[in-house]
Amino acid sequence: MNTPEQSSLGKPVQYTERYDPALLFSIDRAAGREAIGVTAQLPFFGTDIWNAYELSWLNRKGKPQIAVATFIVPAESPNIVESKSFKLYLGSFSQTAFDSIDEVRAALRKDVSAVCGANVSVQLVAPYEFALKLKMEEFEGLSLDRLDLDAEVYSPDPSLLRASFGESPVDETVFSNLLKSNCPVTGQPDWGSVQIRYVGAPIDHAGLLRYIISYREHTGFHEQCVERIFMDVMRECKPERLAVYARYTRRGGLDINPFRTNFNLPLPDNARLARQ
């Protein structure tokens, strides 16, 4: 089983500009899930949406081509791709000639699906489609960041979460732009925004915001953080329905946006937030 310490994260590497799928490094989801009590029978479904902004290759005349790539990785896939290896892999396309954008898409889909252990959907947006398809918007819902409160806990603490079980259930969507965690290998900060939709007893907004802030010194991959948030809210607040969606700012030309839900919702529209 691969571990983050075995990856290229935080280590000097030799960059290659010739297509090389062997650069991709997988990390098993199981260890991170076991730590938060997630068994083989997942209590959620969803996807990880990866956007890659630094993809380029050559056509057969040697002229550079560019596109923005989106990878839709199912949450049930056994593996994730370590982000630095993903960057190195995408960089290996830069001096490689392909017949068409469809050939590039097929190579990306085959390679990333093989590493993740599940079928990964790949979309490529060419420059002439940028204005039409690359949208920007902000999260819908009520901002928790409006609250003026004290915060002193910077390690995930589910005891901060509270719900009013004696009150009538609500259908509510809230969000915060104050999510921050750290890479478990390099310690570099990962900045993000998180949207939570739930149906159930009203969740205390101040406690929820303090809980989100409590990730500030936590080390964990983006996907693991979102799943921890999902599990903690389910355990402490016991909503009938819950969806957690986080969008992280890009690093190395990549942003990662995990989505987890226990009820049927359409896939998020992948609109970029201003901070991304």
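Judged by a 6.0 Å distance limit and a 45° cone about the ring axis, R250 is positioned over the six-membered ring of Y53.
A ring-ring contact (aromatic ring centres under 6.0 Å, His included) with F230 is found for exactly one of F44, F259, F45, Y198, namely F44.
Taking the side chain as every heavy atom from C-beta outward, R33 and D28 never approach each other to under 4.5 Å. Side-chain contact between I36 and D232: absent, with no pair of heavy atoms (C-beta onward) separated by less than 4.5 Å. For the pair L179/Y215, a side-chain contact is recorded, criterion being any heavy-atom separation below 4.5 Å from C-beta on. The side-chain heavy atoms of L208 and V174, taken from C-beta on, include a pair separated by under 4.5 Å.
Salt bridge status for R60 with D99: present, with a side-chain N to carboxylate O gap under 4.0 Å. Under the 4.0 Å criterion applied to side-chain N and carboxylate O atoms, R197 and D171 are assigned as salt-bridge partners.
Between the CD atom in E227 and the CG atom in L42 there is a gap of 7.5 Å [rounded to 0.5 Å]. Atoms CG and CG, from D204 and L147 in turn, are 9.0 Å apart once rounded to the nearest 0.5 Å.
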- Evaluation steps, side-chain contact (heavy atoms from CB on, under 4.5 Å), between L90 and E54: CA-CA 8 Å; L90 293 171; E54 297 178 3; over 6 Å; no
- Message: Quick one, Y245 with F139, criterion ring-ring contact (aromatic ring centres under 6.0 Å, His included). Give me CA distance, side-chain angles, the key distance, then yes/no.
- Response: CA-CA 10 Å; Y245 180 35; F139 276 148; 5.6 Å; yes
- Query: Would V68 and L134 satisfy side-chain contact (heavy atoms from CB on, under 4.5 Å), going step by step from the backbone distance to the final call?
  - Reply: CA-CA 9 Å; V68 173; L134 300 184; 4.0 Å; yes
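Residue-environment remark: CD (E140) stays at or below the threshold of 12 foreign heavy atoms within 6.0 Å. For R241, the CZ atom counts as loosely surrounded, since its 6.0 Å shell holds 12 or fewer non-hydrogen atoms of other residues, nucleotides or ligands.
Nearest heavy atom pair, residue R216 against residue K180, reads O-NZ, 2.7 Å.
Remark: side-chain polar atoms of R146 are paired, donor with acceptor, to backbone N or O of S143 under 3.5 angstrom.
Using cut-offs of 30° and 60° for the angle between ring planes, the F86 and Y89 rings count as tilted.
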